[in-house]
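What follows is a short report on a single structure.
Quick note: residue numbers are just sequence positions, from 1. Every number for a ligand or one of its atoms is a count from 1 in the order of the listing.
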Amino acid sequence: MHPAPPRPLPALLAAMPKAELHIHIEGSLEPELMFRLAQRNGVRLPYASVEDLRKAYAFSNLQSFLDIYYAGASVLVKEEDFYDMAWAYLQRARHDNVLRAEIFFDPQTHTARGVAMETVIGGLYRACQDAHNLGLDAELILCFLRHLSEEDAFDTLEQALPFRDRFIGVGLDSSEVGHPPEKFARVFARCRQLGLHLVAHAGEEGPPEYVWSALDVLKVERVDHGVQSAKDPALMKRLAQDRIPLTVCPLSNLKLRVVPTLEQHNLRALLDAGLVATVNSDDPAYFGGYINANFLQTFAATGLDVRHAYLLARNSFEASFAEPSAKQRYIERLDVEFNTA
Ligand code: HPA
Ligand code: ZN
């Protein structure tokens, strides 16, 4: 027996088993499918063509993206639209060797247009179930839109509770600055009572104080983005000590100008400080790449190495909401890939 030859890093990054924990399903809607659904549903898009739409994907900050992202979601009307979108993502995720995906969805974007909660969750959930045939475990996390009121979030939770067994947790997304986590203290407390997992976007554009508030007021188990935490040494210590994972999205941070270049991304600093950082795609149809593109481009730009690759993949499984036995299974497969089993 000869030991397996060492694999080039890009091949290893692509092949290694991983979990994706920060993906907005509406952000996986590719322009081609968007136009197909627009036609199928008789919805008019304010763009003449796929090329025209792609040209609009030049963002200056989070809000400039969100405006286009919410407009794009208007083509989603029927249960099968939600299914088709989720199924397209799941196939891509499987191709990128994602073994587990915890998928965000924004029900308020749809219910505000008169689409029923059952239609949204029904289509997404059916795709997640079908993903088991691909060898991919997929779960849903319902996100509240933070630019709307807490009352609206409570209404949304109420509408979703008949489908409580079809989502594993709740999150908080949309325009961060001016909408601190504590605005949603009561609705998150209620979700906690209901036994839902809790996550929130914090420290994407917002200050470290928003990350503290997500931890101490909302009591989240993971922080989405969280990259601004590096500005606050005490916060970094807290995140490391309590092993609170950060779901980092490097290409998103680049496209929304959270960082000027990928070379200047602080992923390495987060790992060096002992944080449970992970790599994710956020809104891959808008930001130029799915999870493997995020790994490949970030490693090429920052010089991370094979040890970081293993650590990030392992962190993704540890940070997931999978059962302990499933986590162990995922990590065994990871160890086989790295010849460390
Ligand atoms: N931040 C906040 N809200 C979002 C994002 C994001 O990166 N993507 C989709 N909704
Ligand atoms: Zn996000």
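Protein heavy atom in closest approach to atom 5 (C) of ligand 1: His24 NE2, 3.6 Å. Looking at atom 3 (N) of ligand 1, its nearest protein heavy atom turns out to be Ser174 N, 2.8 Å. Nearest to atom 7 (O) of ligand 1 among the protein's heavy atoms is Asp282 OD2, 2.7 Å.
Contact atoms of ligand 1 toward His201: 1 (N), 2 (C), 6 (C) (distance under 4.0 Å to a heavy atom of the residue).
A heavy-atom separation below 4.0 Å is not found between Asp224 and ligand 1. Contact annotation: Gly27 has no heavy atom less than 4.0 Å from any atom of ligand 1.
Between the Zn ion (ligand 2) and the N, O or S atoms of His22, the shortest distance is to NE2. Counting just the N/O/S atoms of Asp282, the one with the shortest distance to the Zn ion (ligand 2) is named OD1.
Heavy-atom contacts from other residues, nucleotides or ligands closer than 6.0 Å to CD of Gln91 number more than 12.
Two residues are said to be in side-chain contact when any heavy atoms from C-beta on lie closer than 4.5 Å; Phe338 and Leu334 meet this criterion. With contacts defined as side-chain heavy-atom distances shorter than 4.5 Å, the pair Val199/Glu102 does not qualify.
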Could you check His24 against His201 for ring-ring contact (aromatic ring centres under 6.0 Å, His included), going step by step and ending with a plain yes or no? CA-CA 12 Å; His24 301 263; His201 284 53; 4.9 Å; yes

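For the pair Arg222 and Phe321, the cation-pi criterion (under 6.0 Å, within 45° of the ring axis) is fulfilled.
Between Lys231 and Glu209, no side-chain nitrogen of the basic residue sits less than 4.0 Å from a carboxylate oxygen of the acidic one, so the salt-bridge criterion is not met. Under 4.0 Å is where a charged nitrogen must lie from a carboxylate oxygen, and between Arg126 and Glu79 at least one such pair does. Note on Arg243 versus Glu318: salt bridge recorded, some NZ/NE/NH1/NH2 to OD/OE distance being below 4.0 Å.
Distance check for His225 against the Zn ion (ligand 2): none of its N/O/S atoms falls below 2.8 Å.
At under 3.5 Å, a nitrogen or oxygen of His225, whether backbone or side chain, sits near a nitrogen or oxygen of ligand 1. Some N or O of Asp283 is nearer than 3.5 Å to an N or O of ligand 1, by distance alone. By the 3.5 Å distance cut-off applied to N or O atoms, Glu204 is counted among the residues near ligand 1. Ligand 1 has no nitrogen or oxygen under 3.5 angstrom from a nitrogen or oxygen of Tyr70.
A pairwise comparison of heavy atoms in Gly72 and Leu29 identifies O-CD2, 3.8 Å as the closest pair.
With a heavy-atom cut-off of 4.0 Å, Asp106 does not touch ligand 1 at all. Looking at Phe65 against ligand 1, only its side chain comes within 4.0 Å, counting heavy atoms.
Under the 6.0 Å cut-off for aromatic ring centres, Phe188 and Phe184 do not qualify, their centroids lying 6.0 Å or more apart.
Rounded to 10°, the angle formed at the Zn ion (ligand 2) by NE2 of His201 and NE2 of His24 is 90°.
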